[in-house]
Amino acid sequence: MGPLAAGWAISAVAGFIQGLAGFGFGLAFGPAMLWVAAPRLVVVATFVLGIPINLGVALHARHAWSRVLAPIVIAGGLAGVPIGTWLLAHLPVQDLRDAIPALALVGAVGWLVARPRPVSPRAEVWLTGPVALGSGVVNGVTGMGGPILALLAATQRWDKGMARALLATFSLTTFALGLAAVVVAHVAPGATFLTAAAWLPTAIGGSWLGTRVSARIHTARFPVLLVAVVAFCAVAALFSLYASAARLQ
């Protein structure tokens, strides 16, 4: 399967995950596409496809937005990404790319075993800021910051609509910042953007289907779905990383 056909299939699956849970597009799309496409194309495509997909999910769930938490999530993401980008230039990137999905998997399994209780609404406000900031930092380093915020959403038993809206808003904010950096730095030619845009119909179709399926999931079961998506994305990322390393040996 060539890169173009693979992109259609992978973007559809990643879009479905995004529409279903409100996050996970980049986590599902990036590791899989690195098998068939150049890293620069994968990065650009993640932003080009992820922005409209996340915007669609956020608009669909806009009725459930939290006016208190949404600004905190946006500010944390915007502040964290530049910090992560700076760390990217000063830390061993491969070690981070191994450690972060492994920690996400441990966190997901730990959540399913312990089922932590939510904190009070006042404590939640204070907790959301550092979590959003940490998620932004991790996004700046590896693009894998979504699971941190998703585990908070699961722990706090956020309403399904609110969880999807806040997670999509966080991803939309950080993806837009990343795309702006790519455009300003002129790191990708126009053909790269055109190739990425060719995958947009299947990404949107997958997201639409995921949104329809999500509407059938009871809100009480949604936290478990979030944690399951975290675990799935972590396993997929680890498999891709280790399989890629094996190919290079």
Tell me which donor-acceptor pairs under 3.5 Å the side chains of residues 218-227 have, and how far apart each pair is, sequence neighbours excluded?
| residue | atom | partner | partner atom | Å |
| --- | --- | --- | --- | --- |
| His218 | ND1 | Ala220 | N | 3.0 |
| Thr219 | OG1 | Lys160 | N | 3.0 |

Checklist entry - Are Ile74 and Leu55 linked, directly or through other ILVMFWY residues, by side chains that come within less than 4.5 angstrom of each other? => result no
Item to check | Closest non-hydrogen atom pair, Leu27 against Pro31 | outcome: O-CD, 3.0 Å
Checklist entry - Can you list every pair that meets side chain to side chain donor-acceptor pair (under 3.5 Å) and has a residue in residues 101-118, with sequence neighbours left out? => result Trp111-Thr155
Item to check | Criterion side chain to side chain contact (heavy atoms under 4.5 Å, CB included) against Phe23, the qualifying member of Leu166, Ile17, Val230 | outcome: Val230
Item to check | Leu41 and Met33, any side-chain heavy atoms less than 4.5 Å apart | outcome: no
Item to check | Separation of Thr211 OG1 from Arg216 CZ (nearest 0.5 Å) | outcome: 13.0 Å
Checklist entry - For residues 46-83, which residue pairs qualify under ring-ring contact (aromatic ring centres under 6.0 Å, His included), counting only residues two or more places apart or in two chains? => result Phe47-Phe175
Item to check | Among Thr128, Val138, Ile83, side chain to side chain contact (heavy atoms under 4.5 Å, CB included) partner for Leu133 | outcome: Ile83
Checklist entry - What are the two closest heavy atoms between Arg164 and Ala61, and how far apart are they? => result NH1-CB, 4.1 Å
Item to check | Heavy-atom closest pair, residues Ala234 and Ala104 | outcome: CB-CB, 4.1 Å
Next on the checklist: Using side-chain heavy atoms (C-beta onward) and a distance below 4.5 Å, is Phe170 in contact with Ile148?
Outcome noted: no
Next on the checklist: As an exercise, state the distance from CH2 of Trp35 to CD1 of Ile10, rounded to the nearest 0.5 Å.
Outcome noted: 11.0 Å
Checklist entry - Roughly how far, to the nearest 0.5 Å, is CD of Gln156 from OG of Ser120? => result 8.0 Å
Checklist outcome for this item: Tightest non-hydrogen contact, residues Thr169 and Ala58, listed as OG1-CB, 4.0 Å
Checklist entry - For Leu59, does its backbone N or O pair with a side-chain atom of Arg62 as donor and acceptor, under 3.5 Å? => result yes
Item to check | Reported OG1-to-CH2 distance for the pair Thr46 and Trp199, which is rounded to 0.5 angstrom | outcome: 9.0 Å
Checklist entry - Nearest heavy-atom pair of Ser171 and Asn54: which atoms, and what distance? => result CB-OD1, 3.1 Å
Checklist entry - Given the rule that I, L, V, M, F, W and Y join up when any side-chain heavy atoms are under 4.5 Å apart, are Trp158 and Ile217 in one cluster? => result yes
Item to check | ILVMFWY network linking Leu194 to Ile51, side-chain heavy atoms under 4.5 angstrom | outcome: no
Checklist entry - Only one of Thr173, Leu149, Val131 forms a side chain to side chain contact (heavy atoms under 4.5 Å, CB included) with Val73, so which one is it? => result Leu149
Checklist entry - Among the clusters formed by ILVMFWY side chains lying less than 4.5 Å apart, do Leu69 and Val57 turn up in the same one? => result no
Checklist entry - Do Leu127 and Val125 share a hydrophobic cluster (ILVMFWY, side-chain heavy atoms under 4.5 Å, transitive)? => result yes
Item to check | Heavy-atom pair with the smallest gap, counting every atom of Ala64 and Asp159 | outcome: CB-OD2, 3.9 Å
Next on the checklist: Can you tell me if Arg212 has over 12 outside heavy atoms packed within less than 6.0 Å of its CZ?
Outcome noted: no
Checklist entry - Between CG of Leu172 and CD1 of Ile53, what distance do you get to the nearest 0.5 Å? => result 11.5 Å
Checklist entry - Between the side chain of Asn139 and the main-chain N/O of Gly145, is any donor-acceptor distance below 3.5 Å? => result yes
Next on the checklist: Can you tell me how far apart CG (Leu238) and CD1 (Ile100) are? Round to the nearest 0.5 Å.
Outcome noted: 11.0 Å
Next on the checklist: Quick one, Trp126 with Ile72, criterion side-chain contact (heavy atoms from CB on, under 4.5 Å). Give me CA distance, side-chain angles, the key distance, then yes/no.
Outcome noted: CA-CA 9 Å; Trp126 288 102; Ile72 298 174; over 6 Å; no
Item to check | 4.5 Å side-chain heavy-atom contact, Ser11 and Phe29 | outcome: yes
Checklist entry - Does Phe232 CZ have over 12 foreign heavy atoms under 6.0 Å away? => result no
